[in-house]
Amino acid sequence: VQLQASGGGLVQAGGSLRLSCVLSGRTFSTYVMGWFRQAPGKERESVAAIGLSGSTTYYADSVKGRFAISRDNAKNTAYLQMNSLKAEDTAVYYCAAGRSLTLVDSRFNYWGQGTLVTVSS
């Protein structure tokens with residue numbers, strides 16, 4: 001399984017970005033997808049996860065109401081729409097694939113390379 005994340009960049013506080021993650025090598029629709037992030041000097045933390053059909057989603061408290069995870073099984077792609085961005089959202093964002101719908105990173109088996117999101121205040 002290979003995961004390719006994209007869409008990061010520099011944005012002003014209050015702005016929006018949409019991250020994408022393409023899965024190849026296996027059947028995308030059989031994997032739970034998650035997004036995680038790691039800020040400089042901090043541990044990796046969960047952001048959001050989505051079930052196989054897209055009908056069930058989990059969010060970290062820090063992003064609830066601002067971020068939205070979604071997936072398009074026909075395009076083998078998961079998305080993270082990030083709105084009302086804050087300086088504290090600055091981090092490298094990683095997508096991951098697994099078999100369990102959870103925000104626990106150790107339950108995800110495959111990881112993308114990460115995409116940097118920088119929010120200027």
Side-chain angles (χ1 to χ4, degrees):
V1 175
Q2 290 188 327
L3 296 171
Q4 180 70 45
S6 62
L10 174 64
V11 63
Q12 289 187 333
S16 299
L17 278 177
R18 188 177 81 157
L19 306 183
S20 300
C21 176
V22 178
L23 185 150
S24 60
R26 295 285 174 89
T27 304
F28 176 76
S29 60
T30 66
Y31 286 91
V32 168
M33 298 299 296
W35 286 96
F36 298 82
R37 67 186 182 185
Q38 187 167 20
K42 295 187 177 181
E43 293 187 354
R44 185 170 61 195
E45 63 176 358
S46 61
V47 175
I50 187 166
L52 301 183
S53 68
S55 60
T56 303
T57 56
Y58 293 162
Y59 294 95
D61 289 343
S62 59
V63 306
K64 280 181 182 176
R66 300 189 298 121
F67 290 12
I69 188 171
S70 62
R71 65 189 297 159
D72 185 336
N73 287 346
K75 295 183 178 180
N76 296 342
T77 303
Y79 303 96
L80 185 68
Q81 177 67 44
M82 305 185 294
N83 300 324
S84 302
L85 282 161
K86 305 175 182 180
E88 52 263 43
D89 295 318
T90 295
V92 176
Y93 284 71
Y94 299 90
C95 61
R99 298 297 192 183
S100 299
L101 183 53
T102 175
L103 289 174
V104 177
D105 58 359
S106 60
R107 301 299 301 273
F108 286 82
N109 307 104
Y110 304 102
W111 292 80
Q113 85 289 356
T115 184
L116 176 62
V117 172
T118 303
V119 184
S120 63
S121 57

Is there a continuous path of hydrophobic side-chain contacts, each under 4.5 Å between heavy atoms, that joins Trp111 to Val117? no
Please state whether the rings of Phe67 and Tyr93 are parallel, tilted or perpendicular, taking 30° and 60° as the class boundaries. tilted
Using 0.5 Å steps for rounding, measure from the CG atom of Leu101 to the CZ atom of Arg107. 10.5 Å
Which atom names give the shortest non-hydrogen contact between Arg66 and Ser84, and what distance separates them? NH1-O, 3.0 Å
Can you see whether Tyr31 has Arg26 sitting over its ring - NZ or CZ less than 6.0 Å from the centre and within 45° of the normal? no
Got a second to check how far Thr77's OG1 is from Gln4's CD, nearest 0.5 Å? 11.0 Å
Treat each ILVMFWY residue as a node, draw an edge where side-chain heavy atoms are under 4.5 Å apart, and state whether Leu52 and Leu23 are in one component. no
Assess whether atom CD of Gln2 is packed by more than 12 heavy atoms of other residues, nucleotides or ligands within 6.0 Å. no
Just grab all the disulfide (SG to SG under 2.5 Å) pairs involving residues 17-97, residues at least two apart or on different chains. Cys21-Cys95
Is there a donor-acceptor pair closer than 3.5 Å between any side-chain N or O of Gln38 and the backbone N or O of Ala91? no
Here the pair of heavy atoms bringing Ser16 nearest to Gln81 is CB-NE2, 3.9 Å
Shortest non-hydrogen contact from Gly34 to Phe108? N-CE2, 3.6 Å
Show the nearest heavy-atom pair for residues Ala87 and Ser121, with the distance to one decimal. CB-CB, 4.2 Å
Under the rule for salt bridge (charged side-chain N to carboxylate O under 4.0 Å, His left out), what residues qualify as partners of Asp105, not counting sequence neighbours? Arg44
Cluster overlap Leu80 with Leu3, hydrophobic side-chain contacts below 4.5 Å: yes
Donor-acceptor check, side chain of Tyr59 to backbone of Ile69, threshold 3.5 angstrom: yes or no? yes
Atom pair CE/OH of Met33 and Tyr110 - distance to nearest 0.5 Å: 12.0 Å
Are Tyr94 and Tyr58 connected, step by step, through hydrophobic side chains (Ile, Leu, Val, Met, Phe, Trp, Tyr) whose heavy atoms are closer than 4.5 Å? yes
With side chains defined as the heavy atoms from C-beta onward, is the minimum distance between Thr118 and Val11 less than 4.5 Å? no
Taking every non-hydrogen atom, the tightest pair across Ala78 and Phe28: N-CZ, 3.8 Å
Report the distance from atom CG of Leu103 to atom CD of Glu45, rounding to the nearest 0.5 Å. 11.0 Å
Taking the side chain as everything from C-beta on, heavy atoms only, tell me whether Val47 gets closer than 4.5 Å to Met82. no
Counting C-beta onward and ignoring hydrogens, is there a side-chain heavy-atom pair between Ile50 and Trp35 closer than 4.5 Å? no
Side-chain heavy-atom pair Asn109, Val1 within 4.5 angstrom cut-off: no
Any chance the side chains of Arg37 and Thr90 put a donor and an acceptor closer than 3.5 Å? no
Assess, by modelled atom type and distance only, whether the side chains of Thr102 and Ser100 contain a donor and an acceptor separated by less than 3.5 Å. no
Assess whether a salt bridge exists between Asp89 and Lys86, defined as any Lys/Arg side-chain N lying under 4.0 Å from an Asp/Glu carboxylate O. no
Closest approach of Phe36 and Ala96, non-hydrogen atoms and distance? CE1-CB, 4.0 Å
Separation between OG (Ser46) and CG (Asp61), nearest 0.5 Å, reads 9.0 Å
Val119-Leu19 co-clustered via ILVMFWY side chain contacts under 4.5 Å: yes
With side-chain hydrogen bond (donor to acceptor under 3.5 Å, both in side chains) as the test, would you mind laying out the steps for Arg71 and Ser53 before giving the verdict? CA-CA 8 Å; Arg71 65 189 297 159; Ser53 68; over 6 Å; no
